[in-house]
Amino acid sequence: MLLTSEEQAILGGGRGEAARRALQFQIEVGKFWGAERFVPVTNVHMMGDIEVMGDAGLAWLKEEAGSGARCVVGTTTNARCMDFAHCERMGQDAGEAVKEKEIIATLRRMDVVTTDTCINYQTVYQPHLGEHVAWGDTGTVIYANSVFGARSNFEAGPAALAAALTGRTPEYGFHLPEHRRGSFTVELKAKLDDLADWGAVGKLVGESHQNYYAVPVFHGFHRTPGADELKHLGAALASYGSMGMFHFVGVTPEAPSIEVAMGGASAFERLSIADSDIEKALNSFKLGDGDARLVVFSGPQQSLFEMKTLSSLFMDKKVKPGSTCIVTTNSAILKQSRDLGYAKVLEDAGVTILEGVCFYILQNLSPMREKNRWTNMVSNSAKIVNIIGAHRFNTILRRTADCVEIACSGVLR
Amino acid sequence: LNSILVSRAYGPTVEGEAVVSEEGFSPRYDLDRWTGVITKPGHKLEGTSIVDKICFFPTAKGGIAAGWAFYDIKWKKIAPKAFIFGVTNPVMVQGAVFAGIPITEGWSPHPREAVKTGDWVRVDPARKLIEVLKRKAG
């Protein structure tokens, strides 16, 4: 890789041992992908909690902080694995909670802003067209590339942190224009009235085209989609398809037309999705053994408008005794939801609101599932329905209002 | 015996027993990160241990958390010896480099024509070459 004099100075230890190691790591990653140089980044979003990092990651992080690691650009954290106010009731380990607090303290020493959110793009930082960032959590990356026209690869925790310490990232993947062109088109003939429908689109397109560099181009939709709809579409594409970008003609900034989004290509695959495809996708999720006693609104965290919708759906209702309904969001949204009365409606209905976490990364989730004898998990998020498999849940995607009905009746519809 | 050329590669040369999967992989979605066994219900390798194996996967699935997961499983001594992907994504590469686990992407020919689960193989990232050294007995 071609290094600037500044980068050579970092490699020579001019900015300390942590920055030197970080750049060396980035060079190895860049070489793998054939990157020719680095690009400066303006913002970093990283995943780092005890559930994903483990004791090994924590020990490494402390060593980094001890050797003077400090962020040189604004750096925020993704959703974590514990809401300390609820961890005892949720059956999470007190010992792990101590470690989680150590991680938070260590990250703060390194100048990381611990926002604990996977919806930074809705609540914290909105990069502009062409801005290079280094974000982690696939849902944040696909939103940055697609909706903002910013430029980021999937940056795993250690990679994002390296970018925070060096202020740059290797130029490959979605930092380069050639990878941002559409690969195939998807005509959206379906109505897509619910967030679960958007997730189902992500499942249908992602599952059949699993490839980081596959960029679907959506077109033909009958109205303008909202931010939460694009969020669920992107999160599901990233989850089912490992995809990092999509275009939406007339909606996203690099897609004024199919022709421009496709970069002038004429021969490509053309898909279309109708209402019947969405119904079929939803109906493919069946109740396995056991019952429908767990309903989750999470993955990604809920936006303020999602909280508002849930509060109106749960108004004057109660979660069925013996059932559990969990909502996750970040601290800023929760504060506003409390001020606006949405949180009270949900809590009066018996919903548990967890702050700063995502359900699927909760520490101790498998034992929690066993203890509660949960076999099925119902959600309106296609992403979480897809990713929770390793914890041995049977998962069921349903529309938002149906999820609320299931939470209050205990009966799958 | 057969050999496979790969397009991109990182890490030192390693040898080990092959596990060849027809389905993609995520250490978060598919793997029990305390035993090194693939536990996702319905995964084509459900019940298979990847500990100390040379793992062939056609694709990588989702998941930013893989970056920490590889380091975690390496530290727990339940990591594979190498990851061989048909198509991978940056997270897998970042995670493998961070953990010091060899990783490759792109293959010719397809592993199904050259290697079977249980064969003993050598991965040489510097030469972008995978060689089958010994067939599985029987």
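Below, chain A is the first sequence line, B the second, and so on; all start at residue 1. This structure is a prediction, so every number in the text was calculated from the model and none was measured.
The shortest heavy-atom contact between A:A156 and B:I64 is CB-O, 3.5 Å.
The contact between B:A9 and chain A is made entirely by backbone atoms, counting heavy-atom distances below 4.5 Å. The contact between B:V97 and chain A is made by backbone and side chain atoms together, counting heavy-atom distances below 4.5 Å. Proximity to chain B involves both the backbone and the side chain of A:I361, based on heavy atoms less than 4.5 angstrom apart. With a 4.5 Å cut-off on non-hydrogen atoms, B:T104 touches chain A through its backbone but not through its side chain. With a 4.5 angstrom heavy-atom cutoff, A:Y172 touches chain B only via side-chain atoms. There is no contact between A:Q26 and chain B, counting heavy-atom distances below 4.5 Å. Both the backbone and the side chain of B:I103 come within less than 4.5 Å of a heavy atom of chain A. For A:N394, no part sits under 4.5 Å from any heavy atom of chain B, backbone or side chain.
Residues passing the side-chain contact (heavy atoms from CB on, under 4.5 Å) test with A:M82, sequence neighbours excluded: A:F84, A:Q92, A:E96, A:A97, A:E100, A:Q363.
Contact annotation: the side chain of A:W33 approaches that of B:V93 to within less than 4.5 Å [non-hydrogen atoms, C-beta and beyond].
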- Task: Kindly indicate, with the supporting measurements, whether the criterion side-chain contact (heavy atoms from CB on, under 4.5 Å) is fulfilled by B:E105 and A:F32.
- Result: CA-CA 9 Å; B:E105 184 190 47; A:F32 184 96; 4.0 Å; yes
- Between A:M53 and B:Y71, is a side-chain contact (heavy atoms from CB on, under 4.5 Å) present by the stated rule, with each step listed? CA-CA 8 Å; A:M53 294 173 70; B:Y71 191 75; over 6 Å; no
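Rounding to the nearest 0.5 Å gives a distance of 10.0 Å between CZ of A:F154 and CD of B:Q94. Atom CD1 of residue A:I387 and atom CG of residue B:D30 lie 11.5 Å apart, to the nearest 0.5 angstrom.
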